[in-house]
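We count ligands from 1, going down the list as the structure has it; atoms in each ligand are counted the same way. No experiment lies behind these values; they were computed from the predicted model shown. Values below: all heavy atoms of this structure, side chains included; hydrogens, waters and symmetry mates excluded.
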Amino acid sequence: MSLFLTGGGGGLGAAVAHAFAERGVAIGVVDVAIDNAERVAAGVRERWGVAAVAVACDLRDWASIEAAWKKTGEELGPIDLVVNNAGVFSPKPDLRDLTQADWEFAIAVNLNAPFFVGQLAAKEWIANGVHGSIVNVASTAAETVAPDFHAIDYGASKAGLVGLTKHFGVDLGPYGIRTNAIAPASFRSPMNAERLKDPEEVKKSEAMTPLHRIAEAEEMAAAILFLALDGTYVNGQLLAVDGGQMLMM
Ligand SMILES: NC(=O)c1ccc[n+]([C@@H]2O[C@H](COP(=O)([O-])OP(=O)(O)OC[C@H]3O[C@@H](n4cnc5c(N)ncnc54)[C@H](O)[C@@H]3O)[C@@H](O)[C@H]2O)c1
């Protein structure tokens with residue numbers, strides 16, 4: 001099996017790469033930050049002895065996505081798993097300050113790219129009778145708005161991704177292709193490392209979940225692995241991996 005993993009050079013990307021590699025899956029580590037992708041791919045090869053390649057891609061550009069898809073298939077063999085993990089988060093305290101560029105950036109990476117990657121997968125898998133699986137990384141921000149969150153572009157893009165997941169689930173289910181999503185709350189990664197340096201922010205995040213702790217990326221990767229490989233009758237679903245946070249909002 002081969003995985004097309006976007007944002008593979010990031011915090012959750014690395015955890016997902018290792019979790020799937022442990023199950024013998026070859027990993028295409030797709031990222032605009034190619035040095036990070038190379039580091040993750042090398043770590044995976046060394047630790048698990050499976051094939052792993054770093055693939056440069058700017059997800060804002062559909063031609064770049066198509067080239068990355070082709071390269072990954074050529075290097076690893078046909079892709080049968082997708083994790084749309086890449087995401088960008090640039091909160092602005094006041095929505096009145098959001099520019100067209102801010103809005104389009106969030107939508108391009110967090111919503112448009114997962115659509116196009118999923119469409120490429122659908123075309124190839126339906127043509128070849130592949131019963132592939134897609135997992136999208138959404139967020140609790142798709143469903144709920146935490147106090148002081150201030151990221152309307154991010155929340156809207158992730159809500160769109162949840163909608164997309166349901167439509168893919170229904171449209172591709174007849175071909176034996178499953179599509180699901182996870183909604184993480186806060187987990188430790190480069191995306192929030194700066195914010196979580198502040199003990200007050202840590203306390204705030206901890207207080208928001210019944211488990212009273214911030215998750216680790218490996219706990220998200222375990223849920224993604226379940227949806228991609230083991231949950232063979234789960235389709236079109238959003239799995240909250242949030243310690244119960246959304247129940248309290
Ligand atoms: N960290 C959290 O607390 C948290 C909470 C909820 C959801 N999420 C979601 O989890 C996913 C992974 O986030 P993370 O915390 O690992 O963040 P991260 O910043 O460590 O990783 C994101 C990766 O996406 C890549 N990326 C960004 N723009 C790209 C582009 N245009 N083309 C290609 N790659 C690009 C980055 O280079 C990076 O490697 C994201 O979708 C994020 O929205 C994170």
Side-chain angles (χ1 to χ4, degrees), residues 4-19 28-41 54-69 71-72 82-91 101 104-114 116-117 135-146 149 151 153-162 164-165 181-196 201-202 204-206 208-209 213-221 223-224 238-243 245-246:
F4 188 85
L5 169 61
T6 72
L12 179 52
V16 169
H18 282 277
V29 184
V30 179
D31 209 300
V32 72
I34 192 64
D35 291 352
N36 292 344
E38 299 277 11
R39 201 171 314 122
V40 170
V55 183
C57 174
D58 186 337
L59 292 163
R60 290 170 294 182
D61 172 5
W62 288 19
S64 176
I65 297 176
E66 199 158 12
W69 180 271
K71 179 162 190 252
T72 305
V82 164
V83 177
N84 281 312
N85 160 72
V88 288
F89 176 62
S90 322
E104 288 177 353
F105 179 52
I107 300 294
V109 178
N110 297 353
L111 179 58
N112 295 347
F116 188 60
V117 172
V135 181
N136 296 320
V137 179
S139 166
T140 51
E143 303 270 298
T144 54
V145 185
F149 188 65
D153 51 343
Y154 182 82
S157 68
K158 295 295 189 179
L161 186 57
V162 173
L164 179 154
T165 302
I182 66 162
S186 275
F187 60 86
R188 291 184 190 281
S189 86
M191 186 180 271
N192 56 23
E194 201 45 50
R195 182 174 69 83
L196 295 178
E201 287 293 325
V202 173
K204 223 161 60 183
S205 286
E206 287 175 346
M208 278 165 59
T209 90
R213 66 177 177 83
I214 295 167
E216 300 299 332
E218 288 71 19
E219 296 178 284
M220 303 302 125
I224 293 169
L238 175 66
L239 176 61
V241 193
D242 65 345
Q245 174 178 305
M246 286 200 284

Checking the N or O distance criterion of under 3.5 Å, is ligand 1 in contact with Ser186?
no
Heavy-atom contact check, 4.0 Å cutoff: does Phe89 meet ligand 1?
no
Tell me if the aromatic rings of Phe149 and Phe89 count as close, with their centers under 6.0 Å from one another.
yes
For atom 32 (N) of ligand 1, what's the nearest protein heavy-atom neighbour? Residue, atom name and distance, please.
Leu59 N, 2.9 Å
In terms of heavy-atom contacts, Val40 and Ala17 come closest through CG1-CB, 3.8 Å
Any salt bridge between Glu66 and Lys71, counting N to O under 4.0 Å?
no
Backbone N or O of Gln245 within a donor-acceptor pair of the Asp242 side chain at under 3.5 Å?
yes
With respect to Leu12, determine whether any N or O atom, backbone or side chain, lies less than 3.5 Å from an N or O atom of ligand 1.
yes
Residue among Phe4, Trp62, Phe116 satisfying ring pair (Phe, Tyr, Trp, His ring centres under 6.0 Å) with Trp69
Phe4
Nearest to atom 20 (O) of ligand 1, what protein heavy atom do you find, and at what distance?
Gly11 N, 2.9 Å
Counting heavy atoms only, which part of Val109 comes closer than 4.0 Å to ligand 1: side chain, backbone, both or neither?
side chain
Which ligand 1 atoms, with their elements, are less than 4.0 angstrom from a heavy-atom of Gly87?
22 (C), 24 (O), 40 (C), 41 (O)
The atoms of ligand 1 lying under 4.0 Å from a heavy atom of Asn85, numbered in the order shown, are 11 (C), 12 (C), 40 (C), 41 (O)
Tell me which one of Ile65, Asp31, Asp242, Val40 gets a heavy atom nearest to atom 39 (O) of ligand 1.
Asp31
Atoms of ligand 1, numbered as shown, that sit under 4.0 Å from any heavy atom of Ala86:
24 (O), 41 (O)
Does a side-chain heavy-atom distance below 4.5 Å link Glu219 with Pro184?
no
Nearest heavy-atom neighbours spanning Ile34 and Ala56
CD1-N, 3.5 Å
Around atom 19 (O) of ligand 1, find the nearest protein heavy atom and jot down its residue, atom name and distance.
Met191 CB, 3.8 Å
Counting each atom of ligand 1 from 1 as listed, which ones have a heavy atom of Tyr154 under 4.0 Å away?
6 (C), 7 (C), 8 (N), 9 (C), 42 (C), 43 (O)
Heavy-atom contacts under 4.0 Å between Ala108 and ligand 1: side chain, backbone, both, or neither?
neither
So which bit of Asn192 gets within less than 4.0 Å of ligand 1, heavy atoms only: side chain, backbone, both or neither?
side chain
Please could you name the atoms of ligand 1 that Gly9 approaches to less than 4.0 Å, counting only its heavy atoms?
39 (O)
Any ion pair linking Arg213 and Glu206 (charged N to carboxylate O, less than 4.0 Å)?
no
Could you tell me the residue and atom name of the protein heavy atom closest to atom 10 (O) of ligand 1, and the distance to it rounded to 0.1 Å?
Val137 CG1, 3.3 Å
Against ligand 1, does Ala138 come closer than 4.0 Å with any heavy atom?
yes
Quick check: Val30 and ligand 1, any N/O pair under 3.5 Å apart?
no
Which residue owns the protein heavy atom closest to atom 14 (P) of ligand 1, what's the atom, and how far is it?
Ser189 OG, 3.5 Å
Within this structure, what is the CG-CE distance for the pair Leu238 and Met246, rounded to the nearest 0.5 Å?
5.5 Å
So does Tyr154 get a backbone contact from the side chain of Ser157, meaning a donor-acceptor N/O pair under 3.5 Å?
yes
Please list the nearest protein heavy atom to atom 23 (C) of ligand 1 with its residue and the distance rounded to 0.1 Å.
Gly7 CA, 3.7 Å
With respect to Gly10, determine whether any N or O atom, backbone or side chain, lies less than 3.5 Å from an N or O atom of ligand 1.
yes
Looking only at protein heavy atoms, which one is nearest to atom 29 (C) of ligand 1, and what is the separation?
Val32 CG1, 3.8 Å
Do Ser64 and Asp58 meet the criterion of a side-chain donor-acceptor pair at a distance under 3.5 Å?
no
For atom 4 (C) of ligand 1, what's the nearest protein heavy atom and its distance?
Phe187 CE2, 3.2 Å
At a non-hydrogen distance cut-off of under 4.0 Å, which region of Cys57 contacts ligand 1 (side chain, backbone, both, or neither)?
backbone
May I ask you to list the atoms of ligand 1 that are less than 4.0 angstrom from any heavy atom of Ala185?
3 (O), 4 (C), 5 (C), 6 (C)
Tell me which one of Ile34, Leu161, Asp58 gets a heavy atom nearest to atom 31 (N) of ligand 1.
Asp58
Ignoring angles and geometry beyond distance, decide whether Lys158 reaches within less than 3.5 Å of ligand 1 through its nitrogen or oxygen atoms.
yes
I need the Leu196 CG to Asn192 CG distance, nearest 0.5 Å.
4.0 Å
Taking only heavy atoms of Val88 into account, list the atoms of ligand 1 that are under 4.0 Å away from them.
27 (C), 28 (N)
